[in-house]
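Notes follow the structure.
Computed over heavy atoms, backbone and side chain alike; hydrogens, waters and symmetry mates excluded. A quick note: this is a predicted structure, and the numbers were derived from the prediction, not measured.
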Amino acid sequence: MFVAQPIEWTDKGVVMLDQRRLPTEEISYTYTDYREVAQAIREMVIRGAPAIGVAAAMGAALGLLHSTASSIDALQSEFPEICDTLAKTRPTAVDLFWALERMKRRFAELCATSKSLSEIKRAMVEEAKLVHLEKKATDQAIGEYGAQFMPAQGQVMTQCNAGALATGGIGTALGVIRVAYQQGKKLHVLVPETRPYLQGSRLTAWELHKGGIPLTLITDNMVGHFLKTGKVGAVVTGADRIAANGDTANKIGTYQIAVLAKENNVPFYIAAPVSTFDLSIPDGDHIPIEERSAAEVTHLQGLRIAPDVHAAHPAFDVTPSRYIVAIFTERGVARAPYTTALRDLAAAPQPVVASA
Ligand code: MRU
């Protein structure tokens, strides 16, 4: 079955599929400078929480690989600037910061034990590739846990794009749907278009269509209508950051879907890796919400669709955990009370992946 490849480490550099051009054009770029990777994250060439974590890890490795530093000390003094540049791209998805922290830890270990610059550079590239490889294994495990909760047949709804394009694996929410579909469940996916950036219509519809999974594209204001018909068996979305109490930030519009799902007795699930947990914050009020350009609201593909007025663009919203029936992770399924369930999963061992 078709699996999109949003990012790949190659000998020539980091190759990314430009998600801004989908579904009409499939264009890739090869980046050799970490600053270009930071720009690609900010400008949404690559997007989706786990995928921007992979991009940040590869960006950090790229920065070291192409550094002209002539000593380990000099390389150590360059690394914080590389990581800061990558960190200052998008504020909500915690995977980005998780990946950078991991790269910093590995770098510190290597600097303390390695004999040469080339040994450190090589090992940092391997670490970035391992982050990517782990995302693939993580998605598969999330898919297998979550698939059991999908109905045997009928409609399921998602939001935004939490597919292969968003992770570098098979996707989180779409991974759950994909595994269930491959197990023989006869699912039909309702895909809200996800204004203003249209990740639903441009990306999720493209991925599902190419993968042969049946779908119906709907506009965002049809969500309540479809949930009320009684013909939606489950909603499953991804997450950008999950607070200690289970409150979850995801693409703008997710909150209203969750409320409408509860009102209509449709189970609402989150599918996300443990790296999306932010147990340092007690609840969703502490999650920073990215404010993106108003032009993404007033314009569509460069075409003005509103007068020149003030437009708001919070890119994410927070769904309180009381609306979430379960959270599927690679280490198992969390249910309320989330404070203990998430803490237990965070402490559980991560499935081991062979190195890249
Ligand atoms: O602004 P985006 O496209 O990066 O937002 C993506 C989402 O909100 C996804 O649902 C989330 O990152 C989970 S991706 C597996």
Side-chain angles (χ1 to χ4, degrees), residues 1-4 23 139-167 169-195 198-239 248 250-251 253-272 319 322-329 332-336:
M1 193 185 275
F2 169 75
V3 182
D139 282 3
Q140 188 63 37
I142 293 171
E144 277 158 27
Y145 280 116
Q148 309 162 46
F149 292 79
M150 295 297 103
Q153 58 182 39
Q155 299 188 117
V156 294
M157 187 182 285
T158 187
Q159 165 73 342
C160 190
N161 172 267
L165 288 169
T167 68
I170 58 167
T172 53
L174 290 193
V176 168
I177 291 169
R178 172 189 290 265
V179 171
Y181 189 78
Q182 286 172 332
Q183 288 171 350
K185 294 192 171 184
K186 297 193 171 19
L187 300 182
H188 186 110
V189 189
L190 287 177
V191 180
E193 60 182 352
T194 316
R195 279 274 291 149
L198 300 176
Q199 288 94 332
S201 56
R202 292 190 307 103
L203 309 177
T204 296
W206 179 78
E207 270 194 49
L208 290 172
H209 182 61
K210 284 196 86 143
I213 299 179
L215 73 133
T216 298
L217 179 64
I218 61 174
T219 61
D220 299 327
N221 53 358
M222 295 176 190
V223 156
H225 169 76
F226 279 99
L227 288 168
K228 192 159 164 282
T229 60
K231 293 189 183 132
V232 180
V235 179
V236 57
T237 79
T248 295
N250 191 49
K251 180 53 54 195
T254 304
Y255 168 51
Q256 65 201 25
I257 298 179
V259 173
L260 285 162
K262 185 161 185 167
E263 168 70 14
N264 291 287
N265 297 315
V266 178
F268 175 91
Y269 303 112
I270 294 289
T319 299
R322 65 180 177 279
Y323 293 105
I324 302 169
V325 173
I327 300 176
F328 313 137
T329 79
V333 177
R335 285 177 175 279

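- For A162 against A166, the heavy-atom pair with the smallest separation is CA-CB, 4.0 Å.
- Applying the side chain to side chain donor-acceptor pair (under 3.5 Å) rule to T204 yields the partners N161; only residues at least two apart in sequence or on another chain are considered.
- Annotation: side chain to side chain donor-acceptor pair (under 3.5 Å) contacts of T167 (sequence neighbours excluded): D139.
- Under the side-chain hydrogen bond (donor to acceptor under 3.5 Å, both in side chains) criterion, no residue pair touches residues 225-238, with sequence neighbours excluded.
- In this structure, M150 and V156 approach most closely via the heavy-atom pair SD-CG1, 4.1 Å.
- Across A4 and E207, no two heavy atoms sit closer than the pair CB-CG, 4.5 Å.
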Side-chain donor-acceptor contacts of residues 175-183 below 3.5 Å, not counting sequence neighbours, with atom names and distances?
from	atom 1	to	atom 2	distance (Å)
R178	NH1	F2	O	3.3
R178	NH2	F2	O	2.8
Y181	OH	G212	O	3.4

Indicate every side-chain donor-acceptor pair of residues 254-263 with a distance under 3.5 Å to a residue at least two apart or in another chain.
from	atom 1	to	atom 2	distance (Å)
T254	OG1	N250	ND2	3.0
T254	OG1	K251	O	2.6
K262	NZ	R322	O	3.2

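- Remark: Q199 engages no residue in a side chain to side chain donor-acceptor pair (under 3.5 Å) (not counting sequence neighbours).
- With sequence neighbours excluded, the residues that form a ring pair (Phe, Tyr, Trp, His ring centres under 6.0 Å) with F149 are Y269, F328.
- Of all the heavy atoms in I270 and G238, the pair that sits closest is CD1-O, 3.6 Å.
- Sorted by first and then second residue, the pairs that involve residues 146-160 and meet side-chain hydrogen bond (donor to acceptor under 3.5 Å, both in side chains), not counting sequence neighbours, are Q159-T194.
- Residues I213 and L215 form no side-chain contact, since every pair of their non-hydrogen atoms from C-beta on lies 4.5 Å or further apart.
- Shown here is H209, whose NE2 atom has no more than 12 heavy atoms of other residues, nucleotides or ligands within 6.0 Å.
- Qualifying side chain to side chain donor-acceptor pair (under 3.5 Å) partners for N221, counting only residues two or more places apart in sequence or in other chains: T219.
- For K210, the salt bridge (Lys or Arg N to Asp or Glu O under 4.0 Å) partners two or more places apart in sequence, or in a different chain, are E26.
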